[in-house]
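I'd like to ask you about the structure that follows.
Start at 1 and go down the list; that is how both ligands and their atoms are numbered.
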Amino acid sequence: MKNDLCQQFNRLYHKDAENAFFSPGRVNLIGEHIDYNGGLVMPCAITFGTYLLVSFNDDNIFRFRSLNFEDQFDIPLQRSYTKTGAGWFNYPLGIIDFFLRDGHQLRGIDMMFYGDIPISSGLSSSASIEVVTAFALNELLNCGYSRLDLVKLSKSVENNFIGVNSGIMDQFAVAFGEKNKALMLNCDTLEYQAVDTNLGDYILAIINTNKPRNLAESKYNERVRECKGALAALQQKLDIQNLCDIDTATFNQYKYLIKDEVLLKRAQHVIEENDRVKLAASALSKNNLAEFGRLMYASHDSLRDLYEVSGIELDTVAEYAKTDPNVAGARMTGAGFGGCAIALVKEDAFDSFSKQVIAYYTDKIGYAPSVYRSLIGDGVGVLESVIGGR
Ligand code: GLA
């Protein structure tokens with residue numbers, strides 16, 4: 001892989017790349033739409049991700065090229081930048097803008113990106129490109145940011161430069177991921193534990209619905225606003241900072257404060273999902289995959305009925321999974337509105353699962369999903385070390 005990329009870099013820039021970096025994408029096992037509510041989440045980095053090859057130039061120009069997209073972008077070194085159109089290069093541009101505004105001296109850089117994460121699939125290609133750029137600049141220019149700083153600054157670029165009010169889960173997962181581990185992350189305190197994903201006879205499958213996620217950003221921001229509304233209602237009586245500061249029992253006692261039916265459903269999902277993550281962590285530690293799978297299905301149902309971020313495509317995958325005795329559990333992963341689902345599938349039945357879910361889905365939806373076997377990999381790093389572990 002690295003040699004191919006080096007050749008492509010040479011083809012584009014007529015010189016050799018000086019450095020290469022890799023940042024993964026992620027799947028979230030459980031704990032959906034609760035990171036921005038101070039909840040517990042359980043993401044893992046995957047072995048698909050974003051490669052970045054770079055070389056400094058003496059022209060004081062930032063050059064952005066991608067092997068995935070036709071559009072390219074060149075911009076001279078300035079004091080700061082704003083989002084320019086809707087192009088992919090806004091993610092790395094936003095990171096450069098952050099470094100400049102934070103007082104770092106930058107010089108021209110020729111960049112080439114390549115991603116093998118299916119685009120717009122909900123596997124965090126955006127966090128991956130943000131974090132790989134931030135990691136690379138930090139290394140190349142000795143800026144002294146910690147890994148957690150890189151996570152926070154990448155999230156701030158997503159929120160303020162790109163304009164999506166996402167939580168911190170994706171950037172955290174792609175920066176701190178560890179091979180064969182899930183991160184139990186408390187999104188309020190940012191304390192985390194890397195726990196073994198010992199799936200026994202099972203493996204994790206990723207099912208990409210291949211549904212374009214058109215309305216995802218505006219709907220996402222709408223959900224964030226709805227949660228704020230529900231929190232404000234509860235704060236009339238409760239001294240809390242986040243919806244996830246209370247458990248389901250307390251919520252049931254105070255939910256009368258939320259008068260709006262829609263906000264009530266949103267809050268119920270968030271608080272119950274947070275409780276489900278605690279149960280899921282305990283099930284995983286006891287290798288109780290049947291219970292873990294049951295919680296996955298419950299999470300999906302709640303995202304479908306209460307949070308309303310699923311859709312017929314993702315529901316069809318979960319619906320098929322429930323009929324397959326070789327599947328312990330399945331659910332949508334990430335923001336939803338299309339994108340990917342994950343399923344815990346018996347390893348020796350993966351091929352038949354794959355065939356059958358493709359047939360069932362194609363019959364109902366009219367086009368095929370893509371099915372992958374997901375491997376859990378390491379977080380962002382210099383390419384050699386990442387490649388060595390792949
Ligand atoms: C997107 C966001 C995350 C998180 C998930 C839903 O991936 O970037 O912060 O909110 O959706 O759990």
What's the shortest distance from atom 1 (C) of ligand 1 to any protein heavy atom, and which residue and atom give it?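 Ranking protein heavy atoms by distance from atom 1 (C) of ligand 1, first comes Asp170 OD2, 3.5 Å.
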Are Val262 and Tyr307 joined in one hydrophobic group, where the rule is that I, L, V, M, F, W and Y side chains link up if heavy atoms are under 4.5 Å apart?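 Per the 4.5 Å side-chain linkage, Val262 and Tyr307 are not co-clustered.
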Per-atom contacts, ligand 1 versus Tyr36 - under 4.0 Å to a heavy atom: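 So the answer, numbered in order with elements, is 10 (O).
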Could you see if Leu100 belongs to whatever hydrophobic cluster contains Ile75? Use Ile, Leu, Val, Met, Phe, Trp, Tyr and a side-chain cutoff under 4.5 Å.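 Yes, same cluster.
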Within the structure, does Gly167 bring an N/O atom to less than 3.5 angstrom of an N/O atom in ligand 1?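 Gly167 vs ligand 1: N/O contact under 3.5 Å present.
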Starting from atom 5 (C) of ligand 1, find the nearest protein heavy-atom neighbour and note its residue, name and distance.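 It is Met169 CE, 3.8 Å.
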Which ligand 1 atoms, with their elements, are less than 4.0 angstrom from a heavy-atom of Gly334?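 Result: 6 (C), 11 (O).
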Protein heavy atom at shortest distance from atom 12 (O) of ligand 1: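 Answer for atom 12 (O) of ligand 1: Glu32 OE2, 2.5 Å.
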Please report the closest heavy-atom contact between His33 and Val270, naming both atoms and the distance.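 Heavy atoms only, the tightest pair is O-CG2, 3.9 Å.
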For Tyr220 and ligand 1, does the shortest N/O to N/O distance drop below 3.5 Å?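 Indeed, backbone or side chain, Tyr220 has an N or O that close.
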I'd like to know if the side chain of Asn138 reaches the main chain of Tyr145, judged simply by a donor and an acceptor atom lying under 3.5 Å from each other, with no hydrogens or angles considered.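 Looks like yes, one N/O pair under 3.5 Å.
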Among protein heavy atoms, which sits nearest to atom 3 (C) of ligand 1, and what does the distance come to when rounded to 0.1 Å?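 The closest one turns out to be Asp35 OD2, 3.3 Å.
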Would you say the side-chain atoms of Glu18 pair up with the backbone N or O of Phe56, donor to acceptor, closer than 3.5 Å?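 Between the backbone of Phe56 and the side chain of Glu18 there is a qualifying donor-acceptor contact (under 3.5 Å).
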Test Tyr372 against every option in Phe48, Phe353, Phe350 by the ring-ring contact (aromatic ring centres under 6.0 Å, His included) rule and name the one that passes.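 For Tyr372, the ring-ring contact (aromatic ring centres under 6.0 Å, His included) test succeeds with only one of Phe48, Phe353, Phe350, which is Phe48.
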Taking non-hydrogen atoms only, is Arg26 closer than 4.0 angstrom to ligand 1 via side chain, backbone, both or neither?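 The part of Arg26 near ligand 1 is the side chain, not the backbone.
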Please check: side-chain N/O of Gln235 versus main-chain N/O of Ile240, any donor-acceptor pairing under 3.5 Å?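 Yes: the side chain of Gln235 pairs with the backbone of Ile240.
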Is there any N or O on Asn28 that sits under 3.5 Å from an N or O of ligand 1?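 There is no such contact.
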